[in-house]
Amino acid sequence: MIIRNIDEASQSERKVKTDGWDSVRMLLKDDGMGFSFHITTMYAGKTLQMHYKNHYESVYVLSGEGTIEDLGTGEIHELRPGVLYVLNKHDRHIVRPRTDIVTACVFNPPVTGKEVHDETGAYPSEAEMAQASA
C-alpha cells in the first residue's frame, strides 16, 4: 500500500513548478502502478500550449474555470469543476485558465517526475530521456 500526503509531497522534489503551472506528482513510474497521478494547478491568465505526443492524459477539474482548445479541430470547451478531458489521441491543445484551475491528472505511460515540456509542449519519451542522460 502506498500512502502519500499532498502537503508533504508539495515540500519535496515531487513538486514541479513553472511560470504557468505547478504539479505535485503524487504517484510516479517508480511506484510501479503503470500510470502516474498528479495534482496540477494551472495559473490564471496563462496560455498553456501542450502536446503530449508520448503520453495519454486524463484531467479532472477540481476547481477553477477556463477553456481548452483542441488545435486539431478548433473546438473550444469550457473547463469548470466536474469536467473531465481526455487526450486520447495525443491531442495538441491550449488551456486558458480564467482563474487558477486545480486538476487531478493521470498519465500513461507514467512519468518519472523529472520531465519538463519541450519546445512542442510534450514530455519526452522514456527512450528520449535515456538517450539524453547517456
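Not measured: the values here are computed from a predicted model. Numbering starts at 1 and runs along the sequence shown.
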Problem - Side-chain ion pair, R98 and E78, N-O less than 4.0 Å - result: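 Salt bridge present between R98 and E78.
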Exercise for the section: Answer yes when D100 and K46 have at least one side-chain N-carboxylate O distance shorter than 4.0 Å, and no when they do not. Expected result: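 Salt bridge: no.
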Handout entry: Of all pairs that satisfy ring-ring contact (aromatic ring centres under 6.0 Å, His included), the ones with a partner from residues 59-85, not counting sequence neighbours
Key =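 Of all non-adjacent pairs touching residues 59-85, none passes ring-ring contact (aromatic ring centres under 6.0 Å, His included).
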Practice task
Ignoring hydrogens and angles, tell me if any N or O in the side chain of H93 forms a donor-acceptor pair with the backbone of L71 under 3.5 Å.
Solution key: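 No: the side chain of H93 does not pair with the backbone of L71.
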Problem - Min side-chain heavy-atom separation R25-E13 under 4.5 Å - result: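 Sidechains of E13 and R25: no contact.
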Exercise for the section: Check whether any side-chain heavy atom of R4 lies under 4.5 Å from a side-chain heavy atom of L27, and answer yes or no. Expected result: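 Yes - at least one pair of side-chain heavy atoms lies under 4.5 Å apart.
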Minimum-distance pair of heavy atoms, taken over all atoms of [X] and [Y]:
X	Y	answer
G113	V16	O-CG2, 3.9 Å
G34	N108	O-OD1, 3.5 Å
D31	M26	OD2-O, 4.3 Å
C105	T103	SG-OG1, 3.2 Å

Handout entry: Distance (rounded to the nearest 0.5 Å) between I68 CD1 and I101 CD1
Key =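 Going from CD1 on I68 over to CD1 on I101, the span is 9.0 Å.
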Exercise for the section: Using only heavy-atom distances, determine whether the side chains of D22 and Y43 contain a donor-acceptor pair under 3.5 Å. Expected result: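 Their side chains do contain a donor-acceptor pair, which is all the 3.5 Å distance test asks for.
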Exercise for the section: Could you give me the CA-CA distance, side-chain angles and deciding distance for T112 and D30, then say whether side-chain contact (heavy atoms from CB on, under 4.5 Å) is met? Expected result: CA-CA 7 Å; T112 65; D30 286 348; over 6 Å; no
Problem - Ring centroid separation H38 to F107 under 6.0 Å - result: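 Ring centroids of H38 and F107 are less than 6.0 Å from each other.
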Exercise for the section: Please say whether more than 12 non-hydrogen atoms of neighbouring residues, nucleotides or ligands are located less than 6.0 Å from CG in D19. Expected result: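 Count not over threshold, so no.
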